[in-house]
Amino acid sequence: MKQVTFHNTLSRKAEPIVPTKGNVVGMYCCGPTVYAQAHIGNFRTFLAQDVMRRVLQTAGYKVIHVRNITDVDDKTIARSIEEGRQLTEFTEHWTQIFHADCERFNMLAPQIEPKATEHIAEQIAMIEQLIQRGHAYASDDGSVYFRVSSFDEYGKLSRLKERQLLTDAPANDTPVDSDEYTRDSAADFVMWKSRKPTDGDVYWDSPWGQGRPGWHLECSAMAMKYLGNNLDIHSGGVDLTFPHHENEIAQSECSCGHEKKFFKYWIHAAHLLVDGQKMSKSLDNFYTVDDIAAKGYPPVVLRYALTSGAYRQTINFTLDTLGAAQSALVRLKKFSDELLAEAGLKRASVLKEIAKGKHLHDDWDPFADAWKKLTHDMNIAGALGAIFTAIKAKPGPEALIPFHKLIFALGYDLDQVVIEKPKVDVPEDIKILAQKRWDAKQAKDWATADALRDELAAAGWKALDRKDGFDLEQL
RNA sequence: GGCGUGGUAGCCAAGUGGUAAGGCCGAGCUCUGCAAAAGCUCUAUCGCCGGUUCGAUUCCGGCCCACGCCUCCA
């Protein structure tokens, strides 16, 4: 039974994943625009995609994971010019930081990570096909637009027809970009943007003159190139449903003469709020992995906090949830440690085997319920509940593999979990007091020992005894 | 205005037409001189009002509140 279901935005229902081709699931994820460090909201989505992939792999599918890097757009160009750096150098810098963050989160690296700037030819070819088929037109200034009215199915993903768009936008909302005026219809979107002074030296030659690709186009061209035969899953944040994904569908399906459906399953992750509001720098609730790490929480704790809620539901992130995540992870780690110690195995080697697919049997006992929850539209919260319930029943050594298969699927790097409190520098006088208490204790002079404990407490310290000594903790 | 999501214990959060998983925190107990650790136990009638039903937190209708999207955005 390797059935995995996900909620498909196209049908608005949870559907079992049936790959286009055999046992291979093609999975395209809209990746980051590399102009700054990704924030935890971005990672909420990327982490959901990572678990999605891990669940599919654990179920026995071979996943081809493609995640693009958007390395040319208004923001990357503007910021790089601001900083006086070459676009490639600038985007390379942020790409590296993105990769480092992904690693810290223990995310599986996509097998293919295409960059927009390295697929200009494919994008131009797609535009040419669209023009040929009458779905696109060039304007006088050399920009090319997709003619939305030429595609009957436009809007099928976001249910555009059922919505009444806000049309009376304030006058100053009208884009000043010259190419915006030359569109035949307000709904038409740009696929090729003619070169502007604000683009600096960023441009490519094309049949329509110098310019650069529009944002929606790269995903279409690269997804078709790398997953043309495995158009299974396409995912991203909810905000991409419209217009980004709608436009991708239009471009892609029209470019091939409607021979192919551009992806069977569209999966969207909800947004993240911080303290009940949208993250923003002005509200001082804008966090990156570094910000959370600086507060003493390793990335695995943040990963837990960002993934333990339903992926299709907005989560409200607060710093308090990190404490809960930390404590829960400690329990998982302790359980893992016990099982491994009993079996005389190392966590890394067990997980490595699982990652390689060496334990693809369906023997999930005693975690069958947890796995079932995980494969049913990725119910991570439900799965965690089932895991803790199973742990409470104190299962035997047979739990080792199923438990670690779940840990693999959830992607928690338990080695990052710190069970002991970090050692802190203890002032000399406190050390002396504590030593005196220890000596009194050894002499079974309880009265003195207790008095010294009180003194320590008054100074803000607490002694934690071990068999052969003591640790000190700040109150 | 249109479309959509959510309101479950102090906090976070699953779930189901038949009297509510789990995590965190807190409290009590057990166990160790004390403390810590560990273990055990305890804490909700599911926003409000109607309806359908033998029975609804779960279905339907209305209302209130919060939030998201409506062409920059994970």
Side-chain angles (χ1 to χ4, degrees), chain A residues 12 29-33 38-49 73-75 78 148 158-169 173 175 180 186-190 215-216 235-244 246-247 268-273 276-279 304-306 308-318 320-332 334 369-370 373 376 379-392 394 419-421 437 440-441 444-447 449-454 456-457 462-466 470-471 473:
Chain A
R12 311 278 156 122
C29 300
C30 287
T33 302
H39 58 248
I40 60 173
N42 295 315
F43 274 110
R44 196 263 159 115
T45 297
F46 297 137
L47 285 166
Q49 292 164 338
D73 81 318
D74 294 350
K75 280 183 198 144
V148 165
S158 59
R159 306 280 163 101
L160 203 58
K161 282 175 191 155
E162 294 167 26
R163 299 186 300 159
Q164 188 179 315
L165 297 185
L166 195 65
T167 48
D168 52 343
D173 263 15
E180 302 286 352
D188 291 356
F189 57 90
V190 70
W215 172 45
H216 312 300
S235 77
V238 268
D239 53 300
L240 297 186
T241 312
F242 182 84
H244 185 55
E246 203 71 77
N247 292 354
H268 292 102
H271 275 178
L272 167 110
L273 299 177
Q277 286 175 294
K278 223 173 163 173
M279 247 195 304
Y304 189 101
L306 295 179
S308 55
Y311 78 95
R312 289 197 294 118
Q313 205 163 303
T314 307
I315 50 172
N316 181 22
F317 178 85
T318 64
D320 293 342
T321 62
L322 291 171
Q326 159 76 25
S327 302
L329 281 165
V330 165
R331 286 186 55 189
L332 293 178
K334 284 183 174 173
D369 193 35
K373 295 245 174 20
H376 184 79
N379 181 354
I380 296 178
L384 285 168
I387 288 173
F388 283 111
T389 303
I391 287 179
K392 214 184 244 178
K394 292 178 185 152
I419 292 181
E420 285 163 29
K421 300 216 171 171
R437 191 198 72 90
K441 179 187 167 171
K444 293 193 190 295
D445 181 359
W446 310 132
D450 287 348
L452 286 162
R453 178 178 281 289
D454 290 341
L456 280 170
K462 186 171 172 181
L464 305 175
D465 293 342
R466 298 187 314 263
F470 58 89
D471 292 316
E473 184 184 288

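A, B, ... follow the sequence lines: proteins, then strands. Residue 1 opens every chain. Side chains included, hydrogens not; waters and symmetry mates left out as well; all remaining heavy atoms used.
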Worksheet item: C1' atom, B:U58 versus B:U32: distance in rounded Å?
Response: 47 Å

Discussion item. Rounding to an integer number of Å, can you tell me how far A:Asn316 CG sits from B:G6 P?
Written reply: 16 Å

Practice prompt. Using the C1' atom on both, measure B:A20 against B:A44 and round to a whole Å.
Written response: 8 Å

Item to complete: Report yes if a donor N or O on one partner sits less than 3.5 Å from an acceptor N or O on the other, where the partners are the side chain of A:Arg159 and the base of B:C3; otherwise report no.
Response: no

Discussion item. Can you confirm whether A:Leu332 sits close enough to A:Ile391 that some side-chain heavy atom of one is under 4.5 Å from a side-chain heavy atom of the other?
Written reply: yes

Worksheet item: Rounded to the nearest Å, what distance is computed from the CG atom of residue A:Asp445 to the P atom of nucleotide B:G33?
Response: 17 Å

Item to complete: For B:C29 and B:A21, measure between their C1' atoms and round to the nearest Å.
Response: 25 Å

Worksheet item: Nearest-Å distance, CG (A:Leu384) to P (B:G22)?
Response: 13 Å

Item to complete: In whole angstrom, give the distance that lies between atom CG of A:Asp465 and atom P of B:C31.
Response: 19 Å

Worksheet entry | Rounded distance in Å - NZ (A:Lys373) to P (B:A14) | 12 Å

Worksheet entry | Atom P, compared across B:G18 and B:C46: separation rounded to whole Å | 16 Å

Can you pull every protein N or O that's under 3.5 Å from an N or O on nucleotides 37-39 of chain B?
| from | atom 1 | to | atom 2 | distance (Å) |
| --- | --- | --- | --- | --- |
| B:A38 | OP1 | A:Lys334 | NZ | 2.8 |

Practice prompt. Go ahead and write out RNA chain B as dot-bracket, 5' to 3': ( ) for pairs within the strand, [ ] for ones crossing earlier pairs, | when the partner sits on another strand, dots for unpaired; Watson-Crick or G-U wobble, both distances under 3.5 Å.
Written response: (((((((..(((.....[...))).(((((.......)))))....(((((..]....))))))))))))....

Worksheet item: Who passes side chain to side chain donor-acceptor pair (under 3.5 Å) against A:Lys441, sequence neighbours left out?
Response: A:Asp465

Fill in: Under-3.5 Å donor-acceptor pair between A:Asp450 side chain and B:G33 base
yes

Worksheet item: If you look at every heavy atom in A:Leu306 and A:Ile40, which pair is closest and at what distance?
Response: CD1-O, 3.8 Å

Discussion item. Regarding A:Ala328, tell me which of base, sugar-phosphate or nothing describes its non-hydrogen contacts under 4.0 Å with the strands shown.
Written reply: sugar-phosphate

Write out a two-atom table: protein N or O, nucleotide N or O from nucleotides 43-46 of chain B, distance below 3.5 Å.
none

Practice prompt. Check whether any side-chain nitrogen or oxygen of A:Thr321 sits under 4.0 Å from OP1 or OP2 of B:C24, and answer yes or no.
Written response: no

Discussion item. Between B:U8 and B:G4, how many Å separate the two P atoms, rounded to a whole number?
Written reply: 22 Å

Worksheet entry | Interatomic distance at C1', B:U45 relative to B:G2, whole Å | 37 Å

Fill in: Heavy-atom donor-acceptor pair, A:Glu246 side chain to A:Ser158 backbone, under 3.5 Å
yes

Practice prompt. Mind calculating the distance between NZ (A:Lys444) and C1' (B:U32) to the nearest angstrom?
Written response: 12 Å

Fill in: Side-chain heavy-atom pair A:Gln326, A:Val330 within 4.5 angstrom cut-off
yes

Worksheet item: Just how far, in rounded Å, is C1' of B:C72 from CG of A:Leu240?
Response: 11 Å

Practice prompt. Check whether any side-chain nitrogen or oxygen of A:Arg331 sits under 4.0 Å from OP1 or OP2 of B:G23, and answer yes or no.
Written response: yes

Fill in: Any residue meeting ring-ring contact (aromatic ring centres under 6.0 Å, His included) with A:Phe189, in chain and number order, not counting sequence neighbours
A:Phe146, A:His216

Worksheet entry | Main-chain N/O of A:Phe317 paired to A:Thr321 side chain as donor or acceptor, under 3.5 Å | no

Worksheet item: Rounded to whole angstroms, how far apart are CZ on A:Arg44 and C1' on B:G68?
Response: 12 Å

Discussion item. Tell me every residue that passes ring-ring contact (aromatic ring centres under 6.0 Å, His included) with A:Tyr311, counting only those two or more places apart in sequence or in another chain.
Written reply: none

Fill in: Which residue lies more 5' along RNA chain B, comparing A:Leu273 with A:Pro32 via nearest heavy atoms
A:Leu273

Discussion item. Donor-acceptor pair, distance only, cut-off 3.5 Å: does the side chain of A:Arg44 make one with the backbone of A:Thr314?
Written reply: no

Worksheet item: Using the P atom in both, what is the distance from B:A36 to B:A27, to the nearest Å?
Response: 11 Å

Practice prompt. Name the residue closer to the 5' end of RNA chain B, choosing between A:His216 and A:Ser158 according to the nucleotide with the nearest heavy atom.
Written response: A:Ser158

Discussion item. For the C1' atoms, the ones on B:A14 and on B:G23, what distance do you get once it is rounded to whole angstrom?
Written reply: 11 Å

Practice prompt. Determine whether more than 12 heavy atoms belonging to other residues, nucleotides or ligands lie under 6.0 Å from atom NE2 of A:His376.
Written response: no

Practice prompt. Select base, sugar-phosphate, or nothing to describe what A:Ile387 touches, counting heavy atoms under 4.0 Å on all strands.
Written response: nothing

Worksheet entry | Check: B:C25 base within 3.5 Å donor-acceptor of A:Asp320 side chain | no

Worksheet item: Side chain of A:Asn42: nearest nucleotide among B:G23, B:C69, B:A74?
Response: B:A74

